[in-house]
Amino acid sequence: MTAAIEVRDLVVERGKRRVLNSISTTVPRGSVTGLLGPSGSGKTTLMRAIVGVQIVRSGSVLVLGQPAGAAALRRKVGYLTQAPSVYDDLTVRENARYFAALYGYGATAADAAIRDVGLADAAGQLVASLSGGQRSRASLACALLGEPELLILDEPTVGQDPVLRAELWDRFHALAAAGTTLLVSSHVMDEAGRCDRLILIREGAIIADDSPADVRAAAGTTDLEEAFLRLIQEREEAVATPGDRAGSTAVANERQTP
Ligand SMILES: Nc1ncnc2c1ncn2[C@@H]1O[C@H](COP(=O)(O)OP(=O)(O)OP(=O)(O)O)[C@@H](O)[C@H]1O
Ligand SMILES: [Mg+2]
């Protein structure tokens, strides 16, 4: 079976800056892969390229065996954007029922999705009156509703308390155990240990792409935050030594951004 996501030599420029610098990675099916890196490192840009809404300079992105953004992927890929994407003037329940209806599900599925993200008590509340963390969970409930094969979740646990974060991660793993593939971004390193695999990204380049155990072993420390710092340092030392790093030849793969 093909991998859920196959990224090859992906180059993305935003504004005049090269934001992803020839990235290659493979995300296996039925697992939780963490996309970790500091603010501005390119996490959202990579997710946008995987969903197919990002113009890319060169390289390729295959999703469930199809080019990213292909019409056949519309029902198979769920995307939680970093900014909440629910309607302010509807209640949580109305939002969930609206999205459920779009996917062909009824009120029961909508109510279950609200419960799954711990929002049952706020179901009747207008989204406009929710806290930031609650709003983000309302968006997550709607993203989960379509039961996609691949879930791209951009910082789904930001602003959540530790108990809720743990519950959400349990939910992600339950979905993966049932066959869903999840790519979850975070810039909080303590979440890295919860992933089956990690992609560590910095300044548009991948500096580690492995299981948490292997990342720890490669860096020689059990602390993932420390491991990340050591890998960055090693990389900077390697780049500082002379050597020609040839650029890849461009393969046109341009898309329109909506
Ligand atoms: N619309 C845009 N136009 C120009 N540059 C952009 C645009 N969006 C993002 N960038 C730049 O692209 C780079 C990567 O941004 P991206 O949003 O992918 O980072 P990120 O890792 O998701 O950060 P964060 O953790 O803050 O969400 C940053 O330097 C950012 O300033
Ligand atoms: Mg981002």
Side-chain angles (χ1 to χ4, degrees), residues 5 7-25 27 32-61 63 68-69 77-86 131-133 135-140 142-143 150-160 165 168-169 172 181-195 197-210 212 215 224-225 227-229 231-232 235-236 239 247-248 250 253-258:
I5 305 169
V7 178
R8 293 257 173 284
D9 304 324
L10 181 66
V11 176
V12 173
E13 283 161 5
R14 299 185 88 172
K16 292 208 159 37
R17 288 197 46 215
R18 183 158 288 205
V19 171
L20 295 181
N21 194 6
S22 198
I23 278 190
S24 297
T25 187
V27 173
V32 182
T33 298
L35 178 59
L36 285 109
S39 182
S41 55
K43 302 181 296 295
T44 297
T45 304
L46 177 56
M47 289 183 147
R48 284 169 50 88
I50 291 166
V51 175
V53 297
Q54 177 65 52
I55 293 176
V56 307
R57 167 61 54 200
S58 61
S60 65
V61 184
V63 176
V77 180
Y79 178 34
L80 176 77
T81 54
Q82 195 164 358
S85 51
V86 274
S131 73
R135 196 177 295 217
S136 149
R137 274 183 283 143
S139 287
L140 180 61
C142 295
L150 173 64
L151 263 171
I152 308 291
L153 306 178
D154 200 352
E155 309 226 11
T157 61
V158 157
Q160 310 302 342
R165 279 204 303 169
L168 290 176
W169 279 97
F172 300 159
T181 306
L182 293 94
L183 181 66
V184 183
S185 74
S186 175
H187 54 256
V188 186
M189 285 309 288
D190 68 3
E191 300 207 303
R194 297 182 182 275
C195 302
R197 282 184 65 258
L198 294 176
I199 300 171
L200 300 181
I201 180 173
R202 183 168 185 263
E203 293 177 355
I206 291 177
I207 61 166
D209 188 351
D210 229 325
V215 169
L224 279 170
E225 183 147 6
F228 196 19
L229 292 172
L231 291 170
I232 289 168
R235 189 180 179 89
E236 280 172 357
V239 170
S248 58
N253 187 17
E254 301 251 326
R255 285 186 208 100
Q256 295 301 312
T257 187

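Remember, it's 1-based here, ligands and their atoms both numbered in the order they're listed. Keep in mind the model is a prediction, meaning the values are calculated, not measured.
Between Gly42 and ligand 1, a contact under 3.5 Å exists for at least one N or O pair. By the 3.5 Å distance cut-off applied to N or O atoms, Gly15 is not counted among the residues near ligand 1.
The closest non-hydrogen atom to atom 18 (O) of ligand 1, taken over Asp154, Leu20, Thr45, Val158, comes from Thr45.
Contacts between Ser185 and ligand 1, counted as non-hydrogen atom pairs separated by less than 4.0 Å, are absent for every part of the residue. When non-hydrogen atoms are compared, ligand 1 lies under 4.0 Å from the backbone of Lys43 as well as from its side chain. When heavy-atom distances to ligand 1 are checked against a 4.0 Å cut-off, Val19 comes that close only through its side chain, counted from C-beta outward.
Between Asp154 and Arg48, none of the side-chain N atoms (NZ, or NE/NH1/NH2) sits under 4.0 Å from a carboxylate O, so this pair counts as no salt bridge. Under a 4.0 Å N-O distance rule, the pair Glu203/Arg18 does not qualify as a salt bridge.
The Mg ion (ligand 2) has no N, O or S atom of Met47 inside 2.8 Å of it. At least one N/O/S atom of Thr44, whether from backbone or side chain, sits less than 2.8 Å from the Mg ion (ligand 2).
Those atoms of ligand 1 that come under 4.0 Å of a heavy atom in Pro38, given as number and element, are 21 (O).
The closest approach between Met47 and ligand 1 stays at or above 4.0 Å for every heavy atom of the residue. The shell of residues lying under 4.0 angstrom from ligand 1, judged by heavy atoms, includes Glu155.
Among the candidates Arg165, Arg137, Glu191, the single residue satisfying the side chain to side chain donor-acceptor pair (under 3.5 Å) test with Thr157 is Glu191.
Scanning the protein for heavy atoms near atom 6 (C) of ligand 1, the closest one is Arg14 CB, 3.8 Å. Among all non-hydrogen protein atoms, the one lying nearest atom 31 (O) of ligand 1 is Arg17 NH1, 4.3 Å. Atom 26 (O) of ligand 1 has its closest protein heavy atom at Ser39 OG, 2.6 Å. If you check which protein heavy atom lies closest to atom 27 (O) of ligand 1, you get Gln82 NE2, 2.8 Å. When hydrogens are left out, the protein atom nearest atom 23 (O) of ligand 1 is Gly40 N, 2.7 Å; that is the closest non-hydrogen contact.
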